[in-house]
Asker: 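Have a look at the structure that comes next, please.
In each ligand, atom 1 is the first atom listed, and ligand 1 is the first ligand listed. It should be emphasised that the depicted structure is a prediction, and the values quoted were computed from it without experimental measurement. We use all heavy atoms of the structure for the numbers below, so side chains are in, but hydrogens, waters and symmetry mates are not.
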Amino acid sequence: MDDKIEQVRSAALDAIAAAESLEGLQQVRIQYLGKKGSIQELMSFMKSLSKEEKPAFGQKVNLCKQEVGEAIEARQKELQKVELAARLEKEKIDITLPADRFELGTEHPLIMIQQELEDLFLGMGYKVAEGPELEQDYYNFELANIPKDHPARDMQDTFYVDPNTLLRTHTTAMQMRELEKAKGQTPIKLICPGKVYRRDDDDATHSHQFMQCEGLVVGEKVTLADLKGTLEFMANRMFGEGRKIRFRPSYFPFTEPSVEVDVSCPFCNGKGCSVCKGSGWIEILGAGMVHPHVLEMNGFDSEKCSGFAFGVGLERVAMLKYGIDDIRNFYTNDLRFLKTFDRFD
Ligand code: DAH
């Protein structure tokens with residue numbers, strides 16, 4: 001009997017030592033320690049033994065079982081190490097390999113101007129408002145006091161989607177939305193930057209899509225002097241200290257009086273150069289005092305409050321600030337052009 005046990009023991013130990021993988025070892029475990037395994041089988045010999053022989057035999061089988069079990073444990077640990085080492089080798093990452101180059105974009109110059117204006121006006125306590133690009137005729141024209149027969153309403157000038165819906169032609173549409181929203185309550189102090197659209201043929205100075213930033217202040221005793229001070233501050237921040245501004249009379253249906261605003265030429269300091277065509281001044285925006293009729297239409301008492309508004313073209317500011325001579329550069333997305341702006345942080 002002892003031979004039998006010894007046979008099973010040594011066969012098991014050989015098989016354990018020969019197992020090359022955890023999976024193979026598991027098979028060995030089943031073969032020897034499983035319910036129907038060889039060691040369990042040894043127990044079936046008990047029946048044929050005498051009472052006296054049984055305990056000693058049982059003890060030996062148990063010892064054999066224990067030894068085989070321990071050998072399996074030990075081999076399992078070895079194999080786990082080997083398999084882990086193999087996996088680490090296989091999945092090794094060479095961290096010294098050069099990484100793929102990831103091209104970083106640059107901020108678009110118009111967005112840079114927009115953010116500069118937002119920072120500037122937020123610093124003076126203004127809000128930044130937004131509105132839809134697909135606009136109703138009502139906000140773009142009607143509330144802005146632009147009568148039905150005004151040329152701006154012509155199909156030639158405006159992208160209409162249907163008779164009442166259009167691509168907004170100016171950020172003044174947002175000004176009207178904000179005035180209406182305020183329900184006659186003052187003060188109002190906000191800017192509304194955004195894209196606008198007109199049926200222009202594209203050339204060096206015209207684009208069917210461009211950007212504007214509208215400014216609006218309404219309150220008690222808001223005057224033309226407040227408008228001038230605000231715009232002078234803006235001109236100095238955008239084009240450098242020492243800028244002067246001047247007002248020229250103009251006409252906009254939504255302001256009275258209306259002005260065209262010039263800034264003293266930042267290139268020649270007002271002496272006259274090719275950029276300002278010798279005049280020393282460059283036109284930068286339109287502005288004025290909000291028309292009393294516009295205030296009334298929007299539910300304000302024009303006897304008690306007044307307001308100023310302005311609308312500045314962002315391309316115009318960017319072109320002057322960065323010396324760009326063709327507006328189409330902003331919209332053709334030529335990376336060589338855009339890349340040159342990564343130096344303005
Ligand atoms: N909406 C005008 C335009 O697109 C610009 C403008 C002029 C806006 C005077 C204003 C303003 O708010 O007061 O040409």
Asker: Would you say W281 and C276 make side-chain contact, with heavy atoms under 4.5 Å?
Answerer: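 No, every pair of side-chain atoms sits at 4.5 Å or beyond.
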
Asker: What are the atoms of ligand 1, with element, lying closer than 4.0 Å to any heavy atom of G288?
Answerer: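 Those of ligand 1 that fall under 4.0 Å from G288 are 13 (O).
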
Asker: With heavy-atom distances below 4.0 Å as the criterion, list the atoms of ligand 1 near T255.
Answerer: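 Matching atoms, with element in brackets: 13 (O).
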
Asker: Taking N or O atoms only and a 3.5 Å limit, does G215 qualify as a polar contact for ligand 1?
Answerer: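 Looking only at distances, the answer is no, because the N/O contact criterion of under 3.5 Å is not met.
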
Asker: So is Q212 polar-close to ligand 1, meaning N/O to N/O under 3.5 Å?
Answerer: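 By distance alone, the answer is yes.
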
Asker: Applying a heavy-atom cut-off of 4.0 Å, say which part of A287 lies close to ligand 1: side chain, backbone, both or neither.
Answerer: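 Backbone only.
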
Asker: Show me which atoms of ligand 1 lie under 4.0 Å from any heavy atom of F252.
Answerer: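 Those qualifying, in numeric order: 7 (C), 9 (C).
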
Asker: For F254, is the nearest heavy atom under 4.0 Å from an atom of ligand 1?
Answerer: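 Yes, F254 has a heavy atom closer than 4.0 Å to ligand 1.
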
Asker: Which one of G313, G307, A309 has a non-hydrogen atom at the shortest distance from atom 13 (O) of ligand 1?
Answerer: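 Answer by nearest heavy atom: A309.
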
Asker: Hey, are Q27 and E23 close enough side-chain-wise for a donor-acceptor pair under 3.5 Å?
Answerer: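 Distance-only check fails for E23 and Q27.
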
Asker: Would F247 and F308 satisfy ring pair (Phe, Tyr, Trp, His ring centres under 6.0 Å), going step by step from the backbone distance to the final call?
Answerer: CA-CA 14 Å; F247 282 0; F308 69 69; 9.8 Å; no

Asker: So which heavy atom in the protein is nearest atom 12 (O) of ligand 1, and how far is it from that ligand atom?
Answerer: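 Ranking protein heavy atoms by distance from atom 12 (O) of ligand 1, first comes E214 OE2, 2.5 Å.
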
Asker: Going by distance alone, is a donor N or O of one side chain under 3.5 Å from an acceptor N or O of the other, for T169 and R198?
Answerer: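 Judged by distance alone, the side chains do not pair up.
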
Asker: Could you tell me whether the side chain of Q76 reaches within less than 4.5 Å of the side chain of Q26, counting heavy atoms only?
Answerer: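 Counting from C-beta outward, Q26 and Q76 never come under 4.5 Å.
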
Asker: Ring centres of H170 and F254 under 6.0 Å apart?
Answerer: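 Here the rings of F254 and H170 have centres that are less than 6.0 Å from each other.
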
Asker: Would you say the ring centers of F210 and F330 fall short of 6.0 Å from each other?
Answerer: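 No, the ring centres sit 6.0 Å or more apart.
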
Asker: Report the nearest protein non-hydrogen atom to atom 14 (O) of ligand 1: residue, atom name, distance rounded to 0.1 Å.
Answerer: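 Of every protein heavy atom, R198 NH2, 3.9 Å lies nearest to atom 14 (O) of ligand 1.
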
Asker: With a cutoff of 4.0 Å, is R168 in contact with ligand 1, counting heavy atoms of the residue only?
Answerer: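 No heavy atom of R168 comes that close to ligand 1.
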
Asker: Atom CD1 in I113, atom CG in L320: separation rounded to 0.5 Å?
Answerer: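 Answer rounded to 0.5 Å: 9.5 Å.
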
Asker: Around atom 1 (N) of ligand 1, find the nearest protein heavy atom and jot down its residue, atom name and distance.
Answerer: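 Among all protein heavy atoms, the one nearest atom 1 (N) of ligand 1 is T172 OG1, 2.9 Å.
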
